Structure formats: C-alpha cells, structure tokens
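All values derive from a computational prediction rather than experimental measurement. Letters A, B, ... are given to chains in the order of the sequence lines, protein chains preceding strands, and every chain is numbered from 1.
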Amino acid sequence: MKKKYNYNLMTGGILTVTMLLLILISVFYVPYDPDKMDSTAKLAKASFHHIMGCDQFGRDIFSRVMKGCGNTFFVAAGTVWMGTVFGILIGSFTGYYGGILDEVLMRINDTIFAFPSILLALVFVSLLGGGKYQIILALGIAFIPSFARIVRSEFIRCRELDYVKSARLSGAGSLRIMFVHILPNTRNVLFSAILIGFNNAVLAESGMSFLGIGVQPPEASLGRMMSEAQTYLLTRPSMALFPGLMILWMVLGFALLGEGISERQAG
Amino acid sequence: MLLEVKNLQIAFHDHSLPETVVHDFNLTMEAGEIVGIVGESGSGKSMSAMAIAGLLSRHDMTKEGKCLFQGVDTLRCSRQELRKLQGNEMGIIFQEPMTSLNPLKKIGWQVEESLRLHTDLGKTERKERALQALAEAELPNPERVYSLYPHNLSGGMRQRVMIAAAMIARPKLLIADEPTTSLDVTIQAQIVKLLQKFSREKGMAVLFISHDLSLVRQLCGRVLVMQKGYVVEQGDMETVFEHPVHPYTQKLLAAIPKIPGQGGV
Amino acid sequence: MKYAVRKVLTMGVTILVVSFLVFLAFHIIPGDPALAKLGTQATPEQLEQLREEMGLNDPLPVRFVRWLVAFVQGDMGTSYSYQMSVTQMIGEKIPITLTMGMMAFGMMVGLSVVLGIYTAKHNGGVIDRVICVLNQLLMAVPPFFSGILISWGLGLMLHLFVPGSYVSYTKDRGGFFYYLLFPAAAIALPKCAMAAKLLRSSLIEELKKDYIRTAFSRGNTVNGVLYAHALKNALMPVITFWGMALADMLAGSIIVEQVFGIPGMGRILLTSISHRDYPVVQAIIVLIAVWVIVINTLVDLIYKLVDPRIS
Amino acid sequence: MQENVLEVRHVNGFYKEQSVQNGIRRLFGREGQRVQVLHDISFFIGKGEVVGLVGESGCGKTTLSKAILGFLKDREGEICHQTKHPQMVFQDPYSALNPVKKIGWIMEEPLKNYTKLDRQARREKVLEMLQNVGLEADMADRYPRQLSGGQRQRVNIGTALMLEPGLLIADEPVSALDVTIQAQIMELFQELQQKLQLSVLFISHDLRVVYQMCDRVLIMKEGRIVEEGTVEEVYRHPKHEYTKLLLASAGIS
C-alpha cells in the first residue's frame, strides 16, 4: 500500500523532541550561570562564546533561554495537569449524571469559559500576587472549564451508546462504567485538548511574564526577556528574536503534533 | 431508448493496487420503465447509480465505458452539460432523508431549486409549481410545509419532499438510491406506491436501487442483481424471482424468511 | 422572540452574578480602603469615621447594591492612587482600546472569510498548502512577539511608523487610526489564522455532507453549492469562534498596548494591579465581564437567526 | 401451564422531558411534565418461548425493553421476572461494543462483575462461548473495529449469553445486517435458543423475521399492544386494522 506521509506528525515530533531534550539538558547543564552578570559582555553580539549573545547585564542569552523554556514548560505542564484532572472529575460526573447539578455547574462553567484565560489569571494574580506557583494556580483554574466541557460532552455522547447499556447489564457499577468503560473512549479528544491547552498555557504564561506579573526575576522567563529586549530593539533585535523563536518552536511543535495525531486517527 | 449504459467500469486508485468496484455494467432503459438494482452493501449498486447520475467525480477514481442519457455521455461530458440534465431531465433521491436536505433552508426554497436553476419562471409561478409538486407527493397541507424547515418534518415526510423536489421539473428519469431504507414499513409501502403513480401518470422511468427484494418485487418490471461489483443476473422480475439461475440470486432469495401459504417474496 | 427574551434575561442574571462575584473577591482581599485613603498616620477615630462615611460598616449585600446602583449610574468609585474618579480615568481610555479591538475584529473577519473560502475551494493546491503552513506558523506566534516583529520590521526597518508613539484622537484623526492599525494587526493575525483554518476545515467537512450531493443533483454549479448551500452551514462554528475571539481581543490588547505604548485600558489595568488600586481593577474587570457576556448573548441570538433548529 | 419467565401487568411508562423548567420544578419537589409512552401493557413470556414484538419507530418498543430491564425510572404497574440478570442484544452491532476494548475483555465483563471466577476460568468460558457463537478463538484478542458486522453481532449474542440468562431481550438484532448475514445470525440464534431453552423477547419491525423466529407475537402501536396471539393466528387472521396494514405493507397477505 502506498503510504501517505504525515508531515505534520513528523515535523511536530522532531520539534517537540528537540525542545524536550533542550529542557532536559538545561536541568543538568547550561553553558553559563543564567543569573551571572558579566559587565564585560554587556549586549555582546552573538559569538562563539555566547551563541545568542548577552543581554544588557551581560547575562548569557542562550543559558537564559534554556532555563526560560524549562520554566515555561513547567508552568504550562502544571496548568494543563490541573485543568485535566479537575476537568475530568467535573466533566465526567456532570456528563454522566446530568440533572440539576449539571445544569448549575455548566452555567458557572460557561461563564468562566467565556472569559479570556489571561484575564482571569490577571484577577487571581492581583489577588494572590505574582510568581510561578500562583500562575499555575490561576491559569489552572482558568483552564478547568474548557476541559470539563470537553469531557462532559464526550460523556453525554457515550452514555447513550449501546455498549454502556451493555456494560450496565453486565453488572458494572456507575464508577466502573464511567472510568473503565467510558473514559478510555475520550482519550483521542482529550489528548488533542491537552495539546491545545498546553499551547494556550504557554502563550498565557509568556504573555503574563511579558507584562511582568508571571515568573518573577531573577528566574529566567521568555516573556520577560522579550519585554526587556524591547528597549534594545533598534540596536539588538536578536535579543527579542531568540526568546520569541523559542516560544514559537514550543507552540508549533505541540500544535503540529496534535494536528498530525488527529490526521492519523482520521485516516 | 432513454438510457444506455455500456461496459461501465469504476475503479479506485487510492491504494497502490487499483480496486475495481464496478465491472462491466450494462443497462438499457426505455421511457416509463421501472428497473430495480438489488444487492448487498458493497455490491456496487449505489456506485453505478451515482455514476449514471453524473455525481461521481473523484480525482482518485477512473470511469470507463459509456453512459448515454438522451445522447449525452454522463461519464465524460462537461459539468456544464451535466447541469442541464441534473434536476431537469433527471431527478435523484437518496437514502437518508434526514441529512439529504439543507437544514438551514426552507422546504419551499429547496423544492423550487431546480426551477430556479433551469427555468426563468417568476417567483409566484415557482411557488405555484412547488405547491403543486408537494401536493402531488401527497404531503398534507402543502402551503404550510412550503414555509417549514426540514427539522419540522418526519423522515417519511422529508422523503416526500425530496421526491417533490426531484419531480418538480418533470424529469424523464428518476434515480432512487435506497429511498425507503431508513423508513418504517408502512411508509415504505406508501413511497413505493407514490413512485409507481408518478411513473404511470407521467411516463417517467425509475431506476430503483435497494437491498430489499420484496420492495423491488412490488415496484419493478425488470431487475439486475449485483454482487461484488458484477451484475450476476438480470431479466424480467418474474423470471428472476421464480427461476433464479445464478447461485447468488438463489442464496439471496433463500435468505428471506418464508411464510408458508403466502407465496414467496 | 421567546428565545431572545430568555437569552437577554439570562444575560442580565449572569451579569449580576458575575459582578457580585467580582465584588466579593475584591472585598475578601486584605487591605482597608479607609486606611488606604488616609494613610498610616490616621488615628483610629478618623478611620472609624471615614468607614462610616464610606458605608464600609454596612452588611455586604447592602454595600453591593449601593455599589451596583452607583456603577449603573456611572459612578465607579475613586481611585486610591490618583484620588480621582474611576469613571473619568477609564472613560478616556475605553474608546482607544475599543477602536483597536474593533479594527482587529474587522481585519480578522474579513481576512479569515476570504482565506478560508479560497483554501477550502482549492483544497490540496499549492497556494492552499502555502497558506496552511503560514497559518500554522501564525497561530504559534504570541501576540507580543508579532507586535515586536511588526514594530521592528514595519516601524524600525521600513519607517512606516514610530514604535512607542501614539497619536491622540483629538489632534489627528487619520493619524489615530493609522497608528492603531499596527497593534490591531498584531492582535488580529494569530486569531485570523485560527479562524481561516477553522472555516476551511468546517467548509471541507460541510462539502462532504449528503445535502451537498442533493444540491449537485439539482444542477447547481460548484460556486452555487458553495455559496448558497455550504457556506452558511460552515459558518456556524466560525461564528462562535469569532465571538470568543472578540472577547479575547480585549485581553490581547492589554499585552499589545504594552508593546506599542498605547495608553489604553490595558495599561491602566496593569498599573492599577501593580499599585493595588482595587477600585480601578474592579471596575475594569466588571466592564470586561459585561462585554464578554453581552458578546456571548449576541452570538446566541445570531445563531438563532441563522439556524431554525434552535429553540 | 408452564411457569412464566416474565410477566408484565398493566404497565404504564412515562418519559420526562429534560428541560430547565422541569429541573426547577424538581428542585421544589414538584413533578415535572411527563409524556406517557406506554399505555397499560400486559403480556407474559413462558419458559423457552420466543415472543415477537412488532411495531414502527417511536411506538415504544425500546421504552418497553428499558422498563423490563429496570432502566425506566418512571413507570406504574408490575413487572416480575424469575431471572437474576436479564440480558439484551442490541440493534447496532457497531455501537454495542466498546471500541477501545478487546473482544475477550468485553465478553469477560459479566463474569468479572457477577461471579468469583478467576482469570483462567473466565478465559476458558470466553473461549467456549466464542466457539458456541461460531467464532475463532483468536477473536478474543481483536478489537471490535477489526470485525465485520455479522461477527460483531455474534460477539454481542455471546456476551449476552455469558451469564446463562433466563430472559433475553433482542432489540432488532438482525435489522442492521445484509440479508445473507441476517439469515446466518437468525440460524445461530435459533440454534442457541433451542439448545439453551432461552426465553426471548424478540423486538423487530420485520414481519418476516418475526414469523420465522417467534412462537407468539405482540403488535404494538403508539404505546399500546393492539393485537396478540400465536404467529399463525395473527398472520393468517389479523383482527386489528393496523396489523392488516402492516402485513399489507410488507407484501404479506
């Protein structure tokens, strides 16, 4: 059989794997201490020593980018984890049982869902203060509704299917039906939702850090690096370019991966 | 001769080995004749009908042979020429009345569509013809149905709407692709009677595709039996049903539960 | 009609509930407005007196109703940091942000319809593929990055505008719109890419449906099928997306205003958050909430207009 | 007179509309608006008897089967059955099998929940049942999507028979299949029915199929049973107008 090449899956896979590798390496090794200021290397151009150059304090951009990717990834993963776990819990119970509880919860859900997640996060941050964990909490809460909604609609679709009735006749209890019979059937939808959610989290986190209310200095963050680089846009555009490209890389990788996977599932 | 299909062959090329789904299909139809094609799913009966209707055009597919409808080869002619036939000289109804109508458009708009595309009748004339067609399709209260949406109607009524829309331009040939499969038995019988009436009164030929042998028996004068892309047997209704020659036809007929004393199918 | 009334009523209730929640959230947080107003040197008596004046000793529901009535009448309270009316502070900024948002929305809708239809129609062609790759890239660009790229490329390199500067509406109308064009584009581009992609796949999906075959069988042209039959159906999910994008654009504008140095709502919101100027933050959040809820109701109403199946 | 496996006496069934208004009414302890879909249904099924239930879509066939299985919450009247776990064979062979589970896993499920058999014993029972329904043993390790419609329906029948149920409800078990496959499944069904002395409620819209499969037949219209009797009686001497119409529409009579 002639095999159709799945470019999306391949490109996405390569981008994601290299990104994950880079993050993994950054945990154990970075070329320079990302926080060490070197007054001799202020705004140094890209060279053999500093492959992406240095910032206005003489910190190595490449090292900071590596650490920043790690931080962004950490926040995004935490956010998505929180959204998924609570989303599955809320979505499965409301979807399976329906009724007045479902009605009320979904109203609330819809209202939260309608808000731009970054705005919700802003409210939380203005109440809780900034920082890595606050951001995870804030974005995580903002992300729960979208996951709950997806899981719920899948459960509503599945609970009417004959195999669920058949499982009930086979003596399976409600919890067993929900988590052993139905939940595995939502995996395709859930998986692509996780990838999309991950990307939204990356964009939201970097946006908040760009505004100065995300990951707090001195910890490196891609968004903050870009907002600092704006001042030097005329003389050193590459200072903004590299962190920007890293965000692009991360988001593109996951987006293509998701695209490729759904392509494979469809064909 | 109204329709002449010669050596129709349809093959797909989406895999490395081309897969032929219809082999050497031949059929002639005279005006006013009702011909049935029976077969199980995957036998190629719908595929052949869609090719005749000019509705098969995929780039990974080849069609060979000839299909002359009033002298025009519907396999090869341009979309321009085809459009003049479709909905005008040739009406088509499909299996799923639930999804075959545009959910966002009013029934009247959809029934009139053929007139709007093929004639330059005015608005009031079109409406008149549409109401007449709806009434002929035995829909109760055509005025009301005219301004309803598909979701307001039951499956049987939607199929009547489809028939009204196909009949409005007075076609010479009606291709009916499993038109009754998703309907209840009593509605099925009504739809079949309706098609019979149209054929008799307007001299319209009907190509009736179905997997239900008893329906084909009630409606058609001639029948083709298809299996895995081949026409394995064809001929008079009586001959084929009473004295089937091909083993597959025999098997098909044997598969139908018999009711002693009530005759066969 | 009944549907519309129900939707509008639901909208009213939702707005009430949401504004109460926001009100509640900003009253749980530590900090005493009276203290914030008078400073730490104030004596306890002075504080108590001011609290009484400001009505801070009344029960929560009473305070909420009072705040709500004042809010509806246009009095959104007084800023802690600037000691001036919040209404006045925000009032000047709303038109700026709103203009930018609507420009971005217009760009998004126009471009996505054109691109979506074109790519769906020429599905698999060279231009379709190029646009799809471009779309994929654009979707991955965060708005501040696209903003920075636009500032750098169009501003610093091509000198089409001066990054960081802003032209007031009262001084130069043309300049006002011209200078908002670039930030609007920065907001619109990623959303536009998503909308175009959504419309493309929605159209392609729609063209596979049974009623499309019916339309062809009546002798429609390809364009006839596309515009008279498929497009309206395919637009349904896209309308939802547009609605969400319109709500999202306010959030996007907060960031993009920062990139382009535009003194809009976003900038006030950020400074107020960092100064813990709660009356301002609260007012802006409630306004945005109302905006979002109204848009959602509008989307529902448009749906009802387009789709007869909804009841 | 044989003992009856199932007795249904004067059952009325209702369906509650799931609407916001009804939800609010329930919140205040009021009854929601309900639609009656079953009207005074009475019948019985004797041991080893196959009873056909014929009617068109929307006549309440499915609701009746739900009521018998205990899924219909809102009903009046008595339904007594002698059996512990009545089972059901569904119409659509595609949606009745969980797409992410292997055939063996699906067939094992009743044993897992209702018996204390260990893994080995369960496996043996599954393989035995596969053989009974005419499937190869290696089917146990396949996924539903790898099976044809007829094979899936065999699996469904097998799953329903795992617990040796006293009562089986077959909801249009052959109507989604091609004629020749239909004949095979009907043959299998009859064979198993005789071998295991199953009591079956056989729901179908196809009068010919019902004639071949059933001993007695119930004709249902708009939630009521309009005619009842042995198959021969009803088919040869239909009394109710609706039965006559049905028979005429199907080309019988």
*Select one option (side chain, backbone, both, neither) describing which atoms of B/Met162 are under 4.5 Å from chain C's heavy atoms.*
side chain
*asked:* What I'd like to find out is whether the side chain of B/Leu173 reaches to under 4.5 Å of the side chain of B/Met204, using heavy atoms alone.
replied: no
*State, with a plain yes or no, whether a side-chain heavy atom of B/Leu195 is found less than 4.5 Å away from one of B/Phe208.*
yes
*Does the side chain of C/Trp291 come within less than 4.5 Å of C/Ile295's, by heavy atoms?*
yes
_Contact leader toward chain C among B/Ile93, B/Ile175, B/Ile92, where contacts are heavy-atom pairs under 4.5 Å_ = B/Ile92
_C/Thr99 side chain near C/Phe176 side chain, heavy-atom distance below 4.5 Å_ = yes
Tabulate, with distances rounded to 0.1 Å, every donor-acceptor pair spanning chain B and chain C at under 3.5 Å.
| residue | atom | partner | partner atom | Å |
| --- | --- | --- | --- | --- |
| C/Asp210 | OD2 | B/Thr99 | OG1 | 2.6 |
| C/Tyr211 | N | B/Thr99 | O | 3.2 |
| C/Thr214 | OG1 | B/Ser100 | O | 2.7 |
| C/Ser217 | O | B/Gly87 | N | 3.1 |
| C/Arg218 | O | B/His118 | NE2 | 2.9 |
| C/Arg218 | NH1 | B/Gln110 | O | 3.1 |
| C/Arg218 | NH1 | B/Glu113 | OE1 | 3.0 |
| C/Gly219 | O | B/Arg83 | NE | 2.9 |
| C/Asn220 | O | B/Arg79 | NH2 | 2.7 |
| C/Asn220 | ND2 | B/Glu113 | OE2 | 2.8 |
| C/Ala228 | O | B/Lys105 | NZ | 3.4 |
| C/His229 | ND1 | B/Asn102 | ND2 | 3.1 |
| C/His229 | NE2 | B/Glu113 | OE1 | 3.3 |
| C/His229 | NE2 | B/Glu113 | OE2 | 2.6 |
| C/Asn233 | ND2 | B/Asn102 | OD1 | 3.0 |
| C/Pro308 | O | B/His151 | NE2 | 3.4 |

_4.5 Å side-chain heavy-atom contact, C/Val294 and C/Val290_ = yes
*Would you say the side chain of C/Leu231 lies within less than 4.5 Å of the side chain of C/Leu226, judging by non-hydrogen atoms?*
no
_Walk me through whether B/Ile10 and B/Leu8 qualify under side chain to side chain contact (heavy atoms under 4.5 Å, CB included)._
CA-CA 7 Å; B/Ile10 304 171; B/Leu8 173 66; 4.2 Å; yes
*Quick one: list whatever passes ring pair (Phe, Tyr, Trp, His ring centres under 6.0 Å) with C/Tyr178, sequence neighbours left out.*
C/Phe182
*Contact part of B/Leu101 toward chain C, heavy-atom cut-off under 4.5 Å: side chain, backbone, both or neither?*
both
*asked:* For C/Ala230, which atoms come within 4.5 Å of any heavy atom of chain B: side chain, backbone, both, or neither?
replied: neither
_Proximal component of B/Leu117, with respect to chain C [non-hydrogen, under 4.5 Å]_ = side chain
